[in-house]
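See structure below.
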Amino acid sequence: MDNRIVCFLIIIGVLGCNEIKECDLDDYRKFAVIEFYDISTGTIRDTLIFNQVYSIQSPYNFADTILEVTGLPLDPSGDFTAFIFETDTGDFNLDFTYKREFSVYSVDCDPSIKFYDLAGSSTAFDSVEIVNPILDREEFTNVKVYF
């Protein structure tokens, strides 16, 4: 057999055996997927510019530009996370309440957290619609925000 064929078969064998990490198979997400819509037309906003997006309950700061969809991490140590979207003309708030359930997906993985019964509110955005109250991979979008 030609050495090139043997090498090709070995490479295919090695690449074909890439192991899927068991931790990546967890069905639950730690962040809520948010889509932003124009209230007057009902169409999705393709780009939003904020000076800063942050949460006191979260150690993360976010980029100043949000493209159509973003994920906002919820605080796993409590049942409430409030986000502030700062602009030059004023701030927008987006508050979430939820329930949590911890489990062990695998002994080799971090604990799994199921966030469910998600509810959202805002005094600055026009409307907040909860599409999927469970942060899982069943449906991509969790929240639609209109303004």
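Computation of the quantities below employed the complete heavy-atom set of this structure, encompassing side-chain atoms and omitting hydrogens, waters and symmetry-equivalent molecules. Since the structure is predicted, the reported quantities are computational estimates derived from the model, not experimental observations.
The shortest distance between side-chain heavy atoms of Tyr98 and Asp117 does not fall below 4.5 Å. Looking only at side-chain heavy atoms (C-beta outward), Ile39 and Phe147 stay at 4.5 Å or farther from each other. Two residues are said to be in side-chain contact when any heavy atoms from C-beta on lie closer than 4.5 Å; Asn142 and Ile130 fail this criterion.
The closest donor-acceptor contact from the side chain of Asp95 to the backbone of Gly120 lies at 3.5 Å or more, if one exists at all. Arg29 places no side-chain N or O within 3.5 Å of a backbone atom of Phe115 that could act as its donor or acceptor partner.
Interatomic distance, CD1 of Ile44 versus CZ of Phe36, reported as 10.0 Å (0.5 Å rounding). Between the OH atom in Tyr146 and the OG atom in Ser40 there is a gap of 12.0 Å [rounded to 0.5 Å]. In this structure, OG in Ser122 is found 9.5 Å from CZ in Phe96, a value given to the nearest 0.5 Å.
Between Phe125 and Phe85, the ring planes lie perpendicular to each other; the angle is over 60°, past the 30° to 60° tilted range.
Ion pair Asp79/Arg100 flagged as a salt bridge, since at least one NZ, NE, NH1 or NH2 atom sits closer than 4.0 Å to an Asp/Glu carboxylate oxygen. A salt bridge does not link Arg137 with Asp27: none of the charged nitrogens is closer than 4.0 Å to a carboxylate oxygen.
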I would like to know whether Asn51 and Asp88 meet side chain to side chain contact (heavy atoms under 4.5 Å, CB included); could you show each step before the answer?
CA-CA 7 Å; Asn51 294 345; Asp88 290 337; 2.7 Å; yes
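A pairwise comparison of heavy atoms in Leu135 and Lys30 identifies CD2-C, 4.3 Å as the closest pair. For the residue pair Ala82 and Ser55, the shortest heavy atom distance occurs at O-OG, 2.8 Å. Taking each heavy atom of Val128 and Leu94 in turn, the nearest pair found is CG2-CD1, 3.8 Å. Of all the heavy atoms in Tyr28 and Ile113, the pair that sits closest is CB-O, 3.4 Å. Residues Val33 and Phe140 share a closest heavy-atom pair of CB-O, 3.2 Å. Closest non-hydrogen pair, Leu72 versus Ile34, comes out as CD1-CG1, 3.7 Å.
Counting heavy atoms of neighbouring residues, nucleotides and ligands inside a 6.0 Å radius, atom CD of Glu139 exceeds 12 of them.
A single hydrophobic cluster is not seen to contain both Ile134 and Leu118; linkage of ILVMFWY side chains at heavy-atom distances under 4.5 Å, directly or through other members, places them apart. Tyr54 and Leu74 fall into different hydrophobic clusters, where Ile, Leu, Val, Met, Phe, Trp and Tyr residues are linked whenever their side-chain heavy atoms come under 4.5 Å apart, directly or through other members. Clustering ILVMFWY residues whenever any of their side-chain heavy atoms sit less than 4.5 angstrom apart, transitively, puts Phe31 in the very cluster that holds Val69.
Residues forming a side chain to side chain contact (heavy atoms under 4.5 Å, CB included) with Asp91 (at least two apart in sequence, or on another chain): Ile84, Glu86.
When only modelled atom types and interatomic distance are considered, Thr81 and Gln57 share no side-chain donor-acceptor pair under 3.5 Å. When only modelled atom types and interatomic distance are considered, Tyr37 and Ser127 share no side-chain donor-acceptor pair under 3.5 Å.
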